[in-house]
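Below you'll find the structure, written out as structure tokens, and then a few comments.
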Amino acid sequence: MNGTAGRAGEERVTDERLRRWRLVLGGESAEGTGCALTGQDAAMDGALAALYGAGGEKEGRGRERSAGLGGSAPSVARWLGDIRTYFPSSVVQVMQRDAIDRLGLSALLLEPEMLEAVEADVHLVGTLLSLNKAMPETTKETARAVVRKVVEDLEKRLATRTRSTLTGALDRSARVSRPRHHDIDWNRTIAVNLKNYLPEYRTIVPERLIGYGRASQSVKKEIILCIDQSGSMAASVVYASVFGAVLGSMRSLKTRLVVFDTNVVDLTEQLDDPVDVLFGTQLGGGTDINRALAYCQSQITRPADTVVVLISDLYEGGIRDEMLKRVAAMKASGVQFVTLLALSDEGTPAYDREHAAALAALDAPAFACTPDLFPEVMAAAIERRPLPIPDSGAGNRT
């Protein structure tokens with residue numbers, strides 16, 4: 001009995017492996033696996049073939065397989081419904097992204113019915129922003145609703161940790177060594193003076209007092225987010241806009257958000273609503289980092305209390321030497337300068353390695369940053385301590 005049961009189990013495992021290979025390989029003729037699909041598996045295979053079918057490949061019956069969802073919005077809407085039925089949300093988002101890239105479906109996203117059918121994510125928001133100027137009025141409200149949903153989800157994920165991390169950093173950066181009595185942080189003061197414990201008096205001599213500056217609502221640090229809005233930076237623009245809104249809500253920070261291509265636009269007045277910020281951007285076009293940094297430099301009034309965050313792949317279309325001189329001048333004046341090649345979950349993108357090396361030589365290493373790491377990067381910059389650069393950071397390699 002045990003031998004029979006074991007063989008049956010092995011057969012089930014083998015059948016499942018063949019099924020998976022059949023779905024990977026595609027093709028109605030089973031591609032040599034000997035496994036035919038039925039029911040939901042056949043429907044899943046059809047949805048995959050519509051997107052990933054290789055044009056020109058001959059099937060066993062002599063027909064050609066070709067990727068395509070048809071020319072009409074209804075057929076695409078049905079396909080979107082199918083993939084949401086058969087696949088988890090994370091897979092649906094990847095397939096939608098591939099459909100836009102491989103099959104040129106961007107134009108269909110200008111129809112409200114299509115937008116209501118898609119699974120919204122950061123990359124879809126980037127696509128919608130790139131289509132903003134071509135979007136008809138009838139679609140804009142639907143597009144804003146899609147973007148707002150993604151933004152609100154990101155804020156829920158990122159806001160609390162960002163505020164708590166930066167609040168701690170701001171408090172530590174404001175700590176003073178000769179605090180007034182009511183400003184003394186007794187827990188930290190006791191901890192650093194334990195070595196001065198006098199057992200005969202059962203007391204600690206506080207040679208060193210640790211405290212905070214006088215409590216106030218005054219601005220402690222100024223943050224300037226300078227964001228490259230070229231097409232390759234779409235996801236970074238979305239995340240930076242959300243973080244800009246979070247930072248802008250903190251009373252101890254004065255936050256400025258600047259986007260640029262060959263022009264520079266200050267969107268600080270829209271910071272209370274990141275959706276307005278996003279629709280104020282214009283993805284695509286050239287890049288003039290030098291011009292953007294010149295504007296940011298003109299807005300700095302307290303260099304020692306300012307953090308400038310440049311988010312760019314560093315493909316400079318402006319004057320390279322001037323750009324580097326501006327970075328050097330800002331750092332010499334006391335500005336903390338951070339260069340992020342990307343602010344996204346995608347890893348390190350293509351970037352200008354020569355410019356990254358030049359910035360690293362100025363002690364301004366460039367590296368890609370995930371949204372989860374961004375609060376720690378900002379906290380380190382505020383406290384003027386080494387940045388938590390990932391091992392794969394460009395600043396480390398260059």
Side-chain angles (χ1 to χ4, degrees), residues 51 69 73 76-77 80 92-154 225-245 257-267 270 273-289 292 311-317 340-347 349-351 368 371:
L51 176 57
L69 301 178
V76 179
L80 287 168
V92 170
Q93 291 171 1
V94 172
M95 292 180 73
Q96 287 177 170
R97 199 181 318 158
D98 287 348
I100 291 169
D101 293 341
R102 292 166 63 96
L103 305 180
L105 299 185
S106 297
L108 289 177
L109 293 177
L110 300 180
E111 302 182 22
E113 297 79 5
M114 288 298 301
L115 283 178
E116 292 170 355
V118 296
E119 188 82 20
D121 68 345
V122 168
H123 297 281
L124 178 66
V125 170
T127 300
L128 291 177
L129 296 179
S130 68
L131 297 171
N132 186 25
K133 300 302 180 183
M135 196 174 290
E137 290 299 323
T138 54
T139 307
K140 285 189 175 179
E141 281 307 308
T142 306
R144 287 185 72 89
V146 170
V147 172
R148 187 169 296 282
K149 179 182 183 302
V150 174
V151 165
E152 288 176 352
D153 289 346
L154 291 176
L225 299 178
C226 185
I227 309 166
D228 182 345
Q229 61 177 353
S230 57
S232 60
M233 302 296 294
S236 299
V237 170
V238 176
Y239 278 116
S241 298
V242 172
F243 277 117
L257 190 144
V258 177
V259 298
F260 68 93
D261 42 33
T262 53
N263 294 310
V264 180
V265 180
D266 193 326
L267 296 176
Q270 283 80 48
D273 188 344
V275 176
D276 286 342
V277 170
L278 287 171
F279 277 94
T281 64
Q282 183 174 335
L283 291 175
T287 308
D288 192 337
I289 303 172
I311 304 173
S312 173
D313 54 17
L314 300 179
Y315 287 112
E316 170 66 317
L340 302 181
L341 300 169
L343 178 55
S344 70
D345 295 302
E346 307 304 312
Y351 64 95

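Along the sequence shown, residues carry numbers from 1.
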Practice prompt. For Tyr351 and Tyr315, indicate whether the former's side chain and the latter's backbone hold a donor-acceptor pair under 3.5 Å.
Written response: no
Worksheet item: Quick check: does any side chain N or O of Gln96 sit under 3.5 Å from a backbone N or O of Glu119, one acting as donor and the other as acceptor?
Response: yes
Worksheet item: Would you say Val122 and Leu154 make side-chain contact, with heavy atoms under 4.5 Å?
Response: yes
Discussion item. For a 4.5 angstrom cut-off between non-hydrogen side-chain atoms, does Phe260 reach Thr287?
Written reply: yes
Worksheet entry | Under the ring pair (Phe, Tyr, Trp, His ring centres under 6.0 Å) test, residues paired with Phe243 that sit two or more places apart | Phe374
Item to complete: Mind running side chain to side chain contact (heavy atoms under 4.5 Å, CB included) on Leu124 and Val150 for me, showing each step along the way?
Response: CA-CA 9 Å; Leu124 178 66; Val150 174; over 6 Å; no
Discussion item. Tell me every residue that passes side-chain hydrogen bond (donor to acceptor under 3.5 Å, both in side chains) with Asp288, counting only those two or more places apart in sequence or in another chain.
Written reply: none
Item to complete: Identify, with sequence neighbours excluded, every residue that meets side-chain hydrogen bond (donor to acceptor under 3.5 Å, both in side chains) alongside Gln229.
Response: Asp261
Quick one: side chains of residues 230-238, donor-acceptor pairs under 3.5 Å with protein atoms, not counting sequence neighbours, listed by atom name and distance.
from, atom 1, to, atom 2, distance (Å)
Ser230, OG, Asp228, OD1, 2.9
Ser232, OG, Asp313, OD2, 3.0
Ser236, OG, Leu343, N, 2.9

Item to complete: Could you tell me which residues satisfy salt bridge (charged side-chain N to carboxylate O under 4.0 Å, His left out) with Asp98, sequence neighbours excluded, listed by chain and number?
Response: none
Fill in: Of all pairs that satisfy side-chain hydrogen bond (donor to acceptor under 3.5 Å, both in side chains), the ones with a partner from residues 143-153, not counting sequence neighbours
Arg144-Asp276, Arg148-Asp273, Lys149-Asp153
Discussion item. If you compare all heavy atoms of Val264 against all heavy atoms of Ala292, which two are closest, and at what distance to 0.1 Å?
Written reply: CG2-CA, 3.7 Å
Worksheet entry | Where Leu225 and Ala240 come nearest, the two heavy atoms and their spacing | CD1-O, 3.9 Å
Response to the item:
Only one of Val258, Leu257, Ile227 passes side chain to side chain contact (heavy atoms under 4.5 Å, CB included) with Leu267, and that residue is Leu257
Item to complete: Can you spot which of Val146, Thr142, Val118, Thr139 makes a side chain to side chain contact (heavy atoms under 4.5 Å, CB included) with Leu128?
Response: Val146
